[in-house]
2 protein chains.
Amino acid sequence: MAEELNTGLLLFLPYRAMETRVFDELAAAGFDDFTPAQARVFQRIAPHGSRLTDLARQAGITKQSAAFLVEKLERAGYVHTVPDPDDGRARLVLIAERGRRSVEASRTVVAQVEAEWEAHLGAERMAELRRALTDLREITDPWR
Amino acid sequence: MAEELNTGLLLFLPYRAMETRVFDELAAAGFDDFTPAQARVFQRIAPHGSRLTDLARQAGITKQSAAFLVEKLERAGYVHTVPDPDDGRARLVLIAERGRRSVEASRTVVAQVEAEWEAHLGAERMAELRRALTDLREITDPWR
DNA sequence: CGTGTTGGTCAGCCTCTCTGACGGATCGGG
DNA sequence: CCCGATCCGTCAGAGAGGCTGACCAACACG
């Protein structure tokens with residue numbers, strides 16, 4: 001057993017555990033008409049709206065793909081889009097009412113999973129894990 | 001930007017950084033005829049071969065999808081498959097010569113990225129990060 | 001044996017993601 | 001003020017990846 005997994009895979013395993021957990025429980029709560037890919041875009045919408053292109057870059061996909069996903073999200077009532085008052089070319093993607101409720105629901109699940117992890121690792125190690133990951137963002141997260 | 005990202009996203013960012021880095025450098029080294037999805041399956045082949053179904057479960061996809069990906073990998077010379085001598089129904093997926101060379105190349109890149117992370121965090125914090133992630137496997141990794 | 005379980009395949013379908021080409025809006029230098 | 005460069009988003013087409021459902025073959029075990 002004690003083989004040395006590469007750090008990438010080590011990161012991926014809990015990430016996927018969190019994602020499927022949130023996804024499953026949200027589906028159980030009635031938010032069952034979106035896909036993981038749509039969620040990955042949705043999750044990056046800033047509180048006061050984001051431009052399509054910014055969403056695409058942050059999610060690491062092309063703007064065409066992002067537009068495709070946003071359109072689905074809009075059709076399902078999770079977001080709505082408005083013209084950007086500051087830039088005639090741009091469209092702002094905003095979280096709609098249904099989206100806000102789903103955010104609330106997901107926050108609960110995330111908190112629950114994080115509590116389980118904390119129970120397993122202990123509060124101090126969990127906090128350090130988050131600190132280390134946050135610091136890693138500086139060299140692994142191209143946007144901000 | 002001290003906002004509190006959820007731990008899942010925090011895990012995802014460095015994971016993706018690692019994945020794209022390895023993918024890009026492998027492509028530059030001539031291993032450019034496989035996709036990330038194929039790599040995610042390939043990466044899980046045990047040293048002495050794995051069954052298709054096991055690969056599927058570990059990668060979190062259906063056996064049909066796994067078969068599809070393995071077939072591509074076989075066509076590109078990264079793996080070959082043989083009947084499992086212990087079970088007439090099963091096929092063992094084995095790493096082929098070209099696959100072995102790509103593993104070697106990827107190991108180099110992974111080591112390089114891990115070294116960069118270690119330089120950023122310090123050796124002790126990096127080691128603790130790996131320990132914490134390894135411990136999290138116990139509750140987030142359904143297979144072992 | 002028969003019955004249930006497991007490993008894999010076949011077929012059909014939908015989602016995601018990409019490339020390439022484009023039109024419209026904005027920005028910046030002259 | 002204008003013109004070229006750049007940026008925002010769309011349209012069109014294509015391919016990969018993933019799923020469900022139905023099925024067969026081989027094992028496991030009473």
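The sequence lines fix the lettering, A, B, ..., with proteins before strands; numbering per chain opens at 1.
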Worksheet entry | Phosphate OP1/OP2 of dC24(D) contacted by Arg89(B) side-chain N/O (<4.0 Å) | no

Worksheet item: So do the side chains of Met18(A) and Phe12(B) get within less than 4.5 Å of each other, counting heavy atoms only?
Response: no

Discussion item. Using heavy-atom distances to pick each residue's nearest nucleotide on DNA chain C, tell me which of Asp87(B) and Val41(A) is more 5'.
Written reply: Asp87(B)

Discussion item. So, OP1 or OP2 of dG17(D): does either fall under 4.0 Å of a side-chain N or O from Ser65(B)?
Written reply: no

Worksheet, complete the sentence: With the side chain defined as heavy atoms from C-beta on, Ala67(A) is closest, among dT10(D), dT9(C), dG7(C), to dT10(D)

Worksheet item: With side chains defined as the heavy atoms from C-beta onward, is the minimum distance between Val41(A) and Ile61(A) less than 4.5 Å?
Response: yes

Worksheet entry | Length of the CG-C1' vector between Leu55(B) and dG8(C), whole Å | 13 Å

Worksheet item: Within this structure, what is the CZ-to-P distance between Phe23(B) and dA16(D), rounded to whole angstrom?
Response: 13 Å

Item to complete: For Glu71(B) and dA16(D), give me the distance from atom CD to atom C1', rounded to whole Å.
Response: 13 Å

Item to complete: Starting from P on dC27(C), measure out to CG on Asp84(A) and report it in whole angstrom.
Response: 11 Å

Response to the item:
Separation of dT17(C) atom P from Ile61(A) atom CD1, nearest Å, is 5 Å

Worksheet entry | Heavy-atom side-chain contact between Arg51(B) and Asp87(B) under 4.5 Å | yes

Worksheet, complete the sentence: Ranking Arg51(B) and Gln64(B) by the position along DNA chain C of their nearest nucleotide, the one closer to 5' is Arg51(B)

Worksheet item: When the nearest nucleotide of DNA chain D is assigned to Asp86(B) and to Thr35(B) on a heavy-atom basis, which residue is associated with the more 5' position?
Response: Thr35(B)

Worksheet entry | Closest to the Phe68(A) side chain, choosing from dG18(D), dT15(C), dG8(C) | dT15(C)

Fill in: Side chain proximity check, Tyr78(B) to Lys72(B), heavy atoms < 4.5 angstrom
no

Discussion item. Does any part of the side chain of Val110(B), heavy atoms only, come nearer than 4.5 Å to the side chain of Val22(B), both counted from C-beta?
Written reply: yes

Item to complete: Look at Thr62(B) and dC19(D) and indicate whether a side-chain polar atom (N or O) is within less than 4.0 Å of OP1 or OP2.
Response: yes

Discussion item. Heavy atoms only, 4.0 Å cut-off, all strands: where does Gln38(B) land among base, sugar-phosphate and nothing?
Written reply: sugar-phosphate

